K.L.:
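Next up is a structure, given as structure tokens.
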Amino acid sequence: MGTTATPEDVTAALRGVVDPELGGDVVELGMVGEVTVAGGVATIQLALTIAACPMRDQIEADVKRKVTALPGIDETVVKVRAMSAEQRADLMAVARRRARDGAAPTMVNPLTRVIAIGSGKGGVGKSSLSVNLAVAMRIAGYKVGLLDADIWGFSVPRMLGATERLEANADRKIVPVEAQGIQVVSTGLLVETEETALMWRGLMLSKALEQFLRDVAWDPDLDYLLLDMPPGTGDVQMALARLLPQAEMVVVTTPQKAAQKVAARIADMARRSYMPVVGVIENMSGFTTETGSHYELFGTGGGEDLANDLGVPLLAKVPLDPLVVSGGDEGTPVVIAHPQAPSAVAITQAAARIVELVPPAQEETCTARIAILIASLENAPPVAGA
Ligand SMILES: Nc1ncnc2c1ncn2[C@@H]1O[C@H](COP(=O)(O)OP(=O)(O)OP(=O)(O)O)[C@@H](O)[C@H]1O
Ligand SMILES: [Mg+2]
């Protein structure tokens, strides 16, 4: 991948790590100390509010995933220590200021995990997998939103059978439509008057995405927000990385080697925009007839090769299955209509792997404990909403 990331690149990547209890990124909260890069090893001094904080494992894992995704970094060493009382007071001041200013650049809660489903090539199954992964996560008990970032080529509404139109609330924010238990936003759900049509057509794709992130009243309780990305457009990805630094990516590819090359390009872009790749899903991976004959219609090995190249797990191989097509056409995703079908089982497995690799921000935090501690230190009232 050419050059090796500098300590500045590492710090930039760390801006994508959010402290789940304070809601700010670890750099702005002053938790990052010295950062060094030598011989492919990044070493980061990380100060946590309390060394025994239950958030520790999650923050450490996030730091490692983000930093090891950078070019030329093979290993990330995190040296954790506890903050001094003075540092804790500074941190709480930042947290208070954040709570007061409250002007988040997007309406997405920083604690919501954001997963973009991308590929380098069109038609590999991004949309089919996005809706099915979203539903599989919902069935597993998570609160899930799905943003159709394919502004012109939207297919999410049809695949989820969403027919309701998007409407604005009293704050003039767009309220997501609910379909199959998923909170959905798509240009396909906008009322098409000539005026809105003109407005949306005039927007650049990246601007349209920005609108959806800023003007939608996303549920602050979402565990996951999935994004169905348009095929291989770089500016939308860069916009996403800028607007939602916590975004991570799942790359979809087919078993074909040529497709793999295109997917590798998108993964490279993800790295350059500090968007870590969570894993690869191989779709349209072989076809088995009713009589049990198996055909590798699109070749083999593309998913494994790409996952190996990127050093990320192959999350699942989803077979070619007419039930995926009919599920999409009828608006009842295969994981609901035929949960026992091998394609549905593979997608459910991929969803479980994603949850394992990018666990939802934990509810149980040590915020209350810290707030009490800080209050006793500086006799200040605890942070609002803690
Ligand atoms: N595992 C599968 N088995 C059979 N058909 C599939 C499978 N996955 C996707 N398809 C079908 O392939 C076609 C393309 O899928 P989909 O629209 O999900 O791809 P996409 O990557 O989102 O495409 P685009 O780049 O145009 O957004 C659809 O007709 C869909 O039903
Ligand atoms: Mg699509």
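In each ligand, atom 1 is the first atom listed, and ligand 1 is the first ligand listed. Keep in mind the model is a prediction, meaning the values are calculated, not measured.
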K.L.:
Atom NZ in Lys317, atom CD1 in Ile347: separation rounded to 0.5 Å?
P.N.:
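If I round to the nearest 0.5 Å, the distance is 15.5 Å.
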K.L.:
Taking both backbone and side-chain atoms of Ser119, is any N or O found less than 3.5 Å from an N or O belonging to ligand 1?
P.N.:
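The answer is no, given that Ser119 and ligand 1 share no N or O pair closer than 3.5 Å.
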K.L.:
Of Gly286, Gly125, Gly327, Pro342, which has the heavy atom at the shortest distance from atom 19 (O) of ligand 1?
P.N.:
Gly125
K.L.:
Supply the atom-to-atom distance Ser186 OG to Asp228 CG, rounded to the nearest 0.5 angstrom.
P.N.:
9.0 Å
K.L.:
With a heavy-atom distance limit of 4.0 Å, tell me whether Val252 approaches ligand 1 through its side chain, its backbone, both, or neither.
P.N.:
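Looking at Val252 and ligand 1, no heavy atom falls under 4.0 Å.
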K.L.:
Under a 4.5 Å cut-off applied to non-hydrogen side-chain atoms, are Asp148 and Val184 in contact?
P.N.:
no
K.L.:
For the pair Thr6 and Asp9, evaluate side-chain hydrogen bond (donor to acceptor under 3.5 Å, both in side chains) and give the outcome as yes or no after the intermediate values.
P.N.:
CA-CA 5 Å; Thr6 62; Asp9 296 329; 3.3 Å; yes
K.L.:
Show the nearest heavy-atom pair for residues Leu225 and Thr112, with the distance to one decimal.
P.N.:
N-CG2, 3.6 Å
K.L.:
So is there a nitrogen or oxygen of Pro322 less than 3.5 Å from a nitrogen or oxygen in ligand 1?
P.N.:
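Not met; the criterion fails.
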K.L.:
When only distance counts, is Ser128 in polar contact with ligand 1, meaning an N/O pair under 3.5 Å?
P.N.:
yes
K.L.:
Got a sec: is Ser155 within less than 2.8 Å of the Mg ion (ligand 2) via an N/O/S atom?
P.N.:
no
K.L.:
Using a 4.0 Å heavy-atom cut-off, say whether Pro319 meets ligand 1 through its side chain, its backbone, both or neither.
P.N.:
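Backbone only.
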K.L.:
Any sub-3.5 Å donor-acceptor pair from Arg65's side-chain atoms to Leu357's backbone N or O?
P.N.:
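Yes, because the side chain of Arg65 sits within donor-acceptor range (under 3.5 Å) of the backbone of Leu357.
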K.L.:
Should Pro231 be counted as touching ligand 1, given the test is an N or O pair under 3.5 Å?
P.N.:
no
K.L.:
Below 4.0 angstrom from a heavy atom of Val325, which ligand 1 atoms are there? Numbered from 1 as shown, please.
P.N.:
4 (C), 5 (N), 31 (O)
K.L.:
Using a heavy-atom cut-off of under 4.0 Å, does the side chain or the backbone of Asn283 touch ligand 1, or both, or neither?
P.N.:
side chain
K.L.:
Is there a polar contact between ligand 1 and Ser127, counting only N or O atoms under 3.5 Å apart?
P.N.:
yes
K.L.:
So, Arg113 and Asp223, do they make that salt bridge, N to O below 4.0 Å?
P.N.:
no
